[in-house]
Protein chains: 2
Amino acid sequence: MEDTFESACKHGENIKKFQSEYKEETIANMANILKILGEPSRMKIVLALSYGELCVFHIVEAVKSNQSAVSHQLRILKDNHIIKSRRDGQNIVYYLYDDHIMEILNLVKEHVEE
Amino acid sequence: MEDTFESACKHGENIKKFQSEYKEETIANMANILKILGEPSRMKIVLALSYGELCVFHIVEAVKSNQSAVSHQLRILKDNHIIKSRRDGQNIVYYLYDDHIMEILNLVKEHVEE
DNA sequence: CCGATATATGAATACTTGTTCATATCTACA
DNA sequence: TGTAGATATGAACAAGTATTCATATATCGG
């Protein structure tokens with residue numbers, strides 16, 4: 001059994017394992033969530049909320065940004081099920097969707113702190 | 001002690017905890033690594049390499065891309081210490097820098113598969 | 001109901017970045 | 001040493017997106 005088209009490397013079999021374990025859609029979903037978290041403005045919001053729910057006013061304060069920018073990012077985080085919101089009087093209170101995201105971010109923090 | 005400027009929410013103290021625990025630089029580094037992984041083209045390369053080292057030729061095959069695009073992304077991954085490379089004859093063989101990245105990606109995979 | 005406060009939204013802009021194309025570099029081998 | 005194979009690089013282009021500005025919506029107190 002001769003492969004007529006072969007590089008010097010001998011690891012072709014592992015490619016099939018990779019391709020069967022990771023479907024395009026899975027990879028797209030994985031990349032998508034990381035892309036969303038991979039923006040300082042959004043990352044800050046998530047980390048701030050990890051200490052407890054906050055209204056928009058306090059989020060703006062925490063991340064030292066402005067109301068409009070924060071509101072746009074909150075929308076993106078909410079659409080992607082990273083945070084949820086509820087109304088509390090005149091305020092909208094935001095909080096994390098679940099603990100899973102923070103498990104990931106804690107690992108990332110360890111990683112960057114070596 | 002009266003704060004003259006206060007929203008209806010009562011969670012201001014947590015903001016300080018967040019700000020002292022996460023410095024700007026830490027957040028920037030965390031976001032940076034997630035941004036890098038948050039691109040399907042790069043994510044695929046990393047996942048493919050998690051099954052073992054590969055030369056560029058095989059990476060191109062694994063991720064179904066082309067030589068130049070892959071080479072550019074390999075550079076970015078290498079510059080950010082996500083992968084390393086060594087020469088093996090005519091080939092350059094790429095492999096993961098350490099296990100840490102895959103720990104993160106495994107968590108992410110769990111997350112998207114619910 | 002009205003004004004004030006809190007939040008969301010849409011359009012426009014500016015910036016970042018992934019891909020492509022062409023070409024350069026480097027290694028092995030005849 | 002010259003040629004072929006393997007990989008890297010640079011410039012140009014296209015596409016995506018974060019921020020800003022202006023404005024809209026919604027809630028509460030009086």
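Chain naming here is simple, since letters A, B, ... match the order of the sequence lines and numbering starts at 1 in each. All values below were derived from every heavy atom in this structure, side-chain atoms included, with hydrogens, water molecules and symmetry-related copies excluded.
- Regarding A:I92, its CD1 atom lies at a distance of 8 Å from the P atom of D:dT27, rounded to whole Å.
- Not a single donor-acceptor pair, N or O on each side, falls under 3.5 Å between the base of D:dT19 and the side chain of A:S41.
- Using a 4.0 Å heavy-atom distance criterion, B:I36 is classed as making no nucleic acid contact.
- Atom CD of A:Q73 and atom C1' of C:dT7 are 15 Å apart (whole Å).
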**Intermediate values then yes/no, salt bridge (Lys or Arg N to Asp or Glu O under 4.0 Å), A:K64 and B:E24** = CA-CA 11 Å; A:K64 301 186 175 96; B:E24 282 295 325; 5.6 Å; no
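- Where A:Q90 and B:Q90 each meet DNA chain C at their nearest nucleotide, the meeting point lying more 5' is that of A:Q90.
- Salt-bridge check for A:K23 with B:E113: failed, with every basic side-chain N at 4.0 Å or more from each acidic carboxylate O.
- Going from atom CZ of A:R75 over to atom P of C:dT7 covers 16 Å, rounded to whole Å.
- Residue contacts shown for B:K78 are absent, as no nucleic acid heavy atom lies under 4.0 Å away.
- Rounded to whole Å, atom P of D:dA15 lies 15 Å from atom NZ of A:K35.
- For the OP1/OP2 pair of C:dT5 and a distance below 4.0 Å, the side-chain nitrogens and oxygens of A:N91 include no atom meeting the criterion.
- Residue A:S71 has its side chain nearest to C:dT7 when only D:dT7, C:dT7, D:dG5 are considered.
- Of all heavy-atom pairs spanning B:F18 and A:K44, the tightest one is CZ-O, 3.7 Å.
- In this structure, A:Y94 reaches the C:dA8 phosphate: one of its side-chain N or O atoms is under 4.0 Å from OP1 or OP2.
- Whole-Å rounding puts the A:N66 CG to D:dA18 C1' distance at 11 Å.
- For D:dA8, the base has a donor-acceptor partner in the side chain of B:Q67 [N/O atoms by modelled type, under 3.5 angstrom].
- Positionally, the nearest nucleotide of DNA chain D for B:S85 lies more toward the 5' end than for the other of A:I76 and B:S85.
- To the nearest angstrom, P of D:dA18 lies 10 Å from CG of A:L77.
- A:I15 has its side chain within reach of B:E61: a pair of non-hydrogen atoms, C-beta onward, lies under 4.5 Å apart.
- Under 3.5 Å, the side chain of A:H72 and the base of D:dT20 form at least one donor-acceptor pair of N or O atoms.
- When all heavy atoms are compared, the tightest approach of A:V56 to A:V70 is CG1-CG1, 4.4 Å.
- Applying the 3.5 Å distance criterion, the base of C:dT19 shares no donor-acceptor pair with the side chain of B:S68.
- No engagement by B:S65 is indicated, since no non-hydrogen atom pair under 4.0 Å with the nucleic acid exists.
- Residues satisfying the side-chain contact (heavy atoms from CB on, under 4.5 Å) test with B:E39, not counting sequence neighbours, are A:K35, B:S41, B:R42.
- Using a 4.0 Å heavy-atom distance criterion, A:I59 is classed as making no nucleic acid contact.
- For A:R42 and D:dG16, the CZ to C1' distance is 12 Å, given to the nearest whole Å.
- Rounded to an integer number of Å, the gap from CG of A:D88 to C1' of D:dT27 is 12 Å.
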